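Here is the structure we will look at, set down as C-alpha cells.
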Amino acid sequence: MPNYTPRQQEAISTLNRNLQIIACAGSGKTQVISQRIIEILKTGVHPSKIIAFTYTEKAAGELQARILKLCKEQLPDTQGIADMYVGTIHSWCLNALQEYKYEYQKFSVLDEIKLKLFVDKNFKQIGMQDLSMERFKDTGRFVALMSLLREAQFHNRDDVPPNLFEALHKYETVLRKHCYFDFTMIMSDAVHCLQSDENFRSKITRDIGYLIVDEYQDVNPVQESIVRELYNLGANICVVGDDDQTIFQWRGSHINYIQQFTTRYDNVHSVTLEDNFRSTNAVVDVAIKSITNNTVRLPKVMNAKGFQQYERGDILYNQFTSVADENAFIIEKINQLRGVAFKDKEDTTERGLNYSDMVVLVRKWKKAEAIVEAFTQAGIPFVITGINNLFQRLEVRASQAIFQYLYNQIDKGVLKDYWQNLSPLITDENLEKGVDFLDKHIANSNSYYERFDFQTFFTDFIDIIGVREDIFPSEEHPEAVGYSTAEVIFYNLGMFSKIIYDFETIYYKSDPLYKIATFLNFLTYSATDNYSEGWLNNTYKTPNAVQIMSIYQSKGLEFPVVFVPGLNKNYLPTKQPGGKQLWHHIDKVLIIDVDRYFPGEEDERRLMYVAITRSKKFLMISRAPDGRQQGKESIFGSEVRKSTYAFSSLDRDYSERAKLPPASSLEIANISLNFSLLKAFFDCPYRFKFESFYGFQSSFGARIGYGASIHHALMEIHREFLEGNIITKEQLPALLQKHLHFPYAIPTIEQSMSDKAEQAVNIYYDSNLNEFKNIEYAEQDIQLDLGDGILVNGKMDLIKKKNQDGTVEKTIIDFKSTEKAQEYLATIDQLQLYALGYKALTGENADFLEIYNLDKNEPYRTELSTKDLDTMKEKIRNSANDIRGNNLEKTCNDPTCACRFKTTKK
DNA sequence: CGATTTGGGCTTTTT
DNA sequence: GCCCAAATCG
C-alpha cells in the first residue's frame with residue numbers, strides 16, 4: 001500500500017460510520033476514495049454493493065481507472081468489478097429506473113439542443129402558451145423555468161401560481177408520451193420511486209452497501225434527496241468535497257449541504273485533509289491570502305506538503321496599460337517557459353515544459369476572443385472549447401446550401417460555387433450529378449416522409465460530388481494543432497451530420513415543406529451558437545497546445561503553468577447582470593435560499609481560489625484596463641498582492657532556469673471503449689473513423705425500434721425468471737405492449753411491426769420455455785481491463801449455464817433481429833469479446849458462443865477455443881492503441897465494405 | 001458631494 | 001429593453 005498521511009489513513013479506514021471528508025485542493029482525494037473502496041472490498045463486500053457518484057463523466061473515468069489500478073495491485077482476484085457503480089448521479093438514476101422499472105427501457109434522454117427542438121415543436125401542448133411565452137424566443141427561459149420548478153425548494157408550494165405547475169405537468173406529460181426524459185426528470189422520477197415504489201425500494205435495498213459522493217459541495221436539492229433516500233435504505237454514506245470550491249451554486253448547489261453534513265446525518269465521522277501535495281508553498285500561500293477573506297467557510301488550513309519547490313519569479317502579478325500589452329506578456333511567458341526543466345513527480349526525471357502544460361483560465365468567454373486573436377497572430381498552438389464558430393466554416397456553409405437549394409432559396413449556380421470554393425478538385429461534372437440528385441428531391445408536400453430524409457440527402461450528395469479526404473490539403477491546419485486541413489473539413493462535415501441527426505430526432509416524420517423550412521430556421525437561429533467545430537470534440541486525442549478554458553471547466557484539473565488574466569473589477573468578481581428574465585415568471589420570495597441563484601463576492605472568490613489552486617508551480621496573474629466597465633483592479637488583486645510571492649516583474653525571462661527539450665507529460669490517456677465501438681472498428685477501421693472520430697450519423701427510418709422493442713421484452717421475461725417469477729403465455733401480449741416503441745412509424749407500419757414482434761416473441765417463448773431455468777445472467781454488464789489504461793465495457797444479452805451429460809456447459813448468447821446471415825461469421829468472431837468479459841465476471845471460461853436469430857427462431861452456435869482469447873486480447877489492445885494514436889486507415893479498399901467516401905472509389 | 005446622465009453589456013455548465 | 005457603474009453636472 002502506498003504511503004498515506006495519518007489523516008488520509010483515518011479516512012481510508014473509517015468504514016463502519018458515515019464519513020465526511022473535507023479535502024482541500026490537491027490533497028489526493030481521488031486516491032483516498034479509491035483506497036477506501038479497496039478497503040471495503042477487502043472486507044469481503046461484493047463490488048455490486050458499492051456506488052460512487054462523481055460530478056462529470058470525465059471524473060468518473062479517472063476514478064474508475066484509479067480504482068482498477070489499485071485493485072489490480074492489491075486484490076488481483078476480484079471478480080465482478082463491473083457490478084460496482086462509478087459514474088454520475090444522472091446515469092445511476094437512469095440505470096436504476098431502466099433496470100428495475102421495465103417500462104422505462106424504451107425511454108431516452110433529450111440533451112439541451114434536442115430538448116429545445118422538442119419544446120418548440122410541441123409549444124402548444126406543453127403549456128408554453130399558457131405562460132404567455134413565445135415560441136423560439138422564450139424557449140431557453142421556459143426550459144430553465146421547468147428545471148427550477150423541479151430542482152428548487154419552495155417555502156410553500158401552494159403560494160406558487162398554479163399555472164406554473166400546470167405547465168410543468170403538461171410539459172412532463174408530453175415528454176413521457178414520446179418516451180423522453182429531460183435531465184431533471186431522470187432524477188426526479190428516481191427520487192419518486194425511491195420514496196414510494198415498494199418494489200423499486202426493495203430491489204435497491206438488496207444491492208445497497210456503501211455510497212461515496214465525490215464533489216459533494218456541488219449537489220443540488222434533487223441530488224441531495226437521492227443521497228438521503230439511499231441513506232434511508234441503509235447505505236453507509238461517505239461524502240467528499242471542499243466548501244471552498246463550491247462554484248455551481250447558480251444551478252442549485254448549496255454550500256450548506258457539505259457544511260452541515262455532520263448535523264444532518266447520524267453517526268458521522270469527519271476528517272479534514274489539509275495537506276496540499278500538488279502545488280508549491282508559494283501557490284498555496286497566494287490561495288490562502290485570497291480565500292481567507294471569505295466569512296462563510298468551514299475552519300481549516302492548507303499546508304503545502306508536496307515536493308514542488310518554489311523559485312523566485314514563479315508567481316507574477318503584472319498590471320498593464322492595455323489588453324494588447326497584457327496578451328503580449330502572456331505570449332512572451334509561454335515562449336520563455338517552454339523548455340524550462342520541470343519534474344512531474346518526485347521520482348520521475350525532469351523534462352522541458354511544453355505548450356500542453358499551460359492553461360489560460362477565463363471567467364467569461366468574451367475575454368478569450370482577444371487572446372485567441374493574439375495567439376493566432378503569434379503562432380501559439382491552442383485549443384479552446386466554448387467558442388462556437390462552426391457556421392463560419394466554408395464546408396458548413398456549403399452543407400447548409402444543400403438545404404437552401406432544396407427549398408429554392410438559392411439557385412444551382414450559388415450551390416455549385418459554395419462547393420467549388422471549398423476545393424477546385426470538385427468537378428463541374430460531379431456537381432451536376434449532385435444537383436440532379438437533389439432535383440429529384442426538391443421539397444414538395446406529397447413526398448413520402450421516409451423518402452425526405454435529410455441525412456441521406458447530405459451524405460449522398462457529398463458522396464456523389466466526390467468529397468474525399470484526398471481532395472483537401474493534407475498539411476496541418478493553421479488553427480487546429482495536430483489536424484490536417486482535410487481532417488478539419490471532415491470533422492466539420494461530421495458535425496453537420498450530427499446537426500441533422502439532432503433535428504431529425506424530433507422532426508423526422510414532419511411534413512416535407514414544414515420540415516425543411518423549420519430546419520433552415522433552426523440552422524440560422526439556433527444551431528449557430530450551439531455547435532462547436534467538430535475536431536474540438538475528439539476525446540481520443542490531446543494535442544500539444546495551450547488550453548484556453550473557463551475556470552469552471554478547470555475544476556479538478558492541474559497544470560504546471562496557469563495564466564489568470566483580466567483581474568479587473570466587474571470581470572472577476574463579475575458584475576451582476578441586469579434583467580434576469582426568468583424571475584419575471586416566478587417570484588423570488590417563493591423560493592428557499594433564492595440568494596444562491598445570485599452569486600455574490602464570496603462565490604466569485606471561490607472561483608478565484610479554484611483558478612489559483614490549479615497551478616503546480618507557475619502562476620501568471622495579470623490585468624489591464626479594458627473599457628469603461630473594467631477600468632479598475634479587482635478586489636482579488638489586492639488580496640493576492642498580500643502574498644510576498646506575488647510581485648510584479650516585467651523583465652524576468654527565465655533564462656537563468658535549466659532548460660530541456662520541450663516534451664509533453666508521458667501519462668498515457670485512458671481510453672474507454674465498448675463492444676459496439678470495437679465491433680465497428682473490426683468491421684472497417686475507416687468506417688469507425690467516420691462514425692466515431694468525424695461523427696457521421698446514420699439516417700433514421702420508419703422501422704426503427706423493432707430490434708430494441710423485442711430486446712426489452714426478452715429482458716423482462718428473462719429477468720423475471722431469474723427472480724423466480726414465471727411469466728405465463730397469457731401475460732405475454734401485455735408485457736410486449738409495454739415495450740413496443742416505434743417513434744418514426746406511421747400507423748400501418750406500426751401495426752405490421754407490432755404483429756411481427758408479437759409473433760417472434762411468442763415463438764421464442766414456446767421453443768425456449770424449458771431453457772429458462774438454465775439462465776445464469778440476463779443483460780449483464782461486463783468490463784474488461786486490459787491494462788495500459790484500456791477499458792472495455794459492454795452488456796451481454798444472455799448467459800446460460802446447464803448440466804449436460806454430467807458436465808457444466810456455459811453459453812453466451814447474443815440476440816439478432818435481422819437476417820443478415822453473412823454477418824454471422826464476423827459477429828461470432830467478435831463474441832470472443834464477451835467470453836473475455838465473462839471470464840472477468842466469473843473467473844470461468846465459457847464453452848459456447850451463440851447468435852440467436854429471432855426472426856428465424858434459430859440459434860447459430862460455435863465452440864469456444866480458449867487459445868482464441870489471447871489472440872483477441874492482443875487484437876483489442878492493438879486496436880485501442882491505434883485508436884488512441886490516431887493510426888487509422890486513410891482509406892478502405894474493400895469493395896464489398898459498406899463504408900462511405902472511400903478515397904479510392906470502386 | 002449628491003443627483004443625473006451616459007454608455008456599455010446582456011455569464012458561468014453538468015447531465 | 002433594462003440595469004448598473006462611471007462620468008458628468010449642479
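On a predicted model such as this, the values are computed, not experimentally measured, just so you know. Below, chain A is the first sequence line, B the second, and so on; all start at residue 1.
Here A:Glu99 pairs with A:Met715, A:Arg719, A:Lys795 under the side-chain contact (heavy atoms from CB on, under 4.5 Å) rule; sequence neighbours left out. Under the side-chain contact (heavy atoms from CB on, under 4.5 Å) criterion, A:Ala545 pairs with A:Pro381, A:Val383, A:Val481, sequence neighbours left out. A:Asp207 meets the side-chain contact (heavy atoms from CB on, under 4.5 Å) test with A:Tyr100; sequence neighbours excluded. For the side-chain contact (heavy atoms from CB on, under 4.5 Å) test, residues two or more places apart in sequence or in another chain that qualify with A:Cys24 are A:Ser27, A:Asn276, A:Met302. With sequence neighbours excluded, no residue forms a side-chain hydrogen bond (donor to acceptor under 3.5 Å, both in side chains) with A:Asn122.
Base contact: A:Tyr552 has a heavy atom under 4.0 Å from a base atom.
Among the nucleotides C:dA6, B:dT11, B:dT15, the one closest to any side-chain atom of A:Glu57 is B:dT15.
A donor and an acceptor atom, one from each side chain of A:Gln64 and A:Tyr85, are nowhere located under 3.5 Å apart.
Between A:Lys364 and B:dC10, a side-chain N or O to OP1/OP2 separation shorter than 4.0 Å is present. Residue A:Trp365 places at least one side-chain N or O closer than 4.0 Å to OP1 or OP2 of B:dT13. Between A:Thr574 and B:dT12 there is no side-chain N or O to OP1 or OP2 distance below 4.0 Å.
Rounding to whole angstrom units, CG of residue A:Asn530 and C1' of B:dT13 are separated by 13 Å. Rounded to a whole Å, the CG atom of A:Leu607 is 8 Å from the C1' atom of B:dT12. Look at CG on A:Leu557: it is 11 Å from P on B:dT14, rounded to the nearest Å. Residue A:Trp92 contributes atom CH2, which lies 16 Å from atom C1' of B:dT15 at whole-angstrom precision. Following rounding to the nearest Å, A:Met185 (CE) and B:dT14 (C1') show an atom-to-atom distance of 18 Å. The nearest whole Å value for the distance from the OH atom in A:Tyr216 to the P atom in B:dT14 is 22 Å. Computed from coordinates, the A:Gln630 CD to B:dC10 P distance equals 9 Å when rounded to whole Å. We find that NE2 of A:His90 is positioned 8 Å from P of B:dT15, with the value rounded to whole Å.
A gap of 15 Å separates the C1' atoms of C:dC4 and B:dT11, to the nearest Å.
Non-hydrogen atoms lying under 4.0 Å from DNA chain C are contributed by A:Lys569, A:Asn570, all within residues 563-572 of chain A.
Along DNA chain B, the nucleotide closest to A:Lys366 and the one closest to A:Ser550 are compared, and the more 5′ of them pairs with A:Lys366.
The local environment of NE2 in A:His192 is sparse, with at most 12 non-hydrogen atoms from other residues, nucleotides or ligands closer than 6.0 Å.
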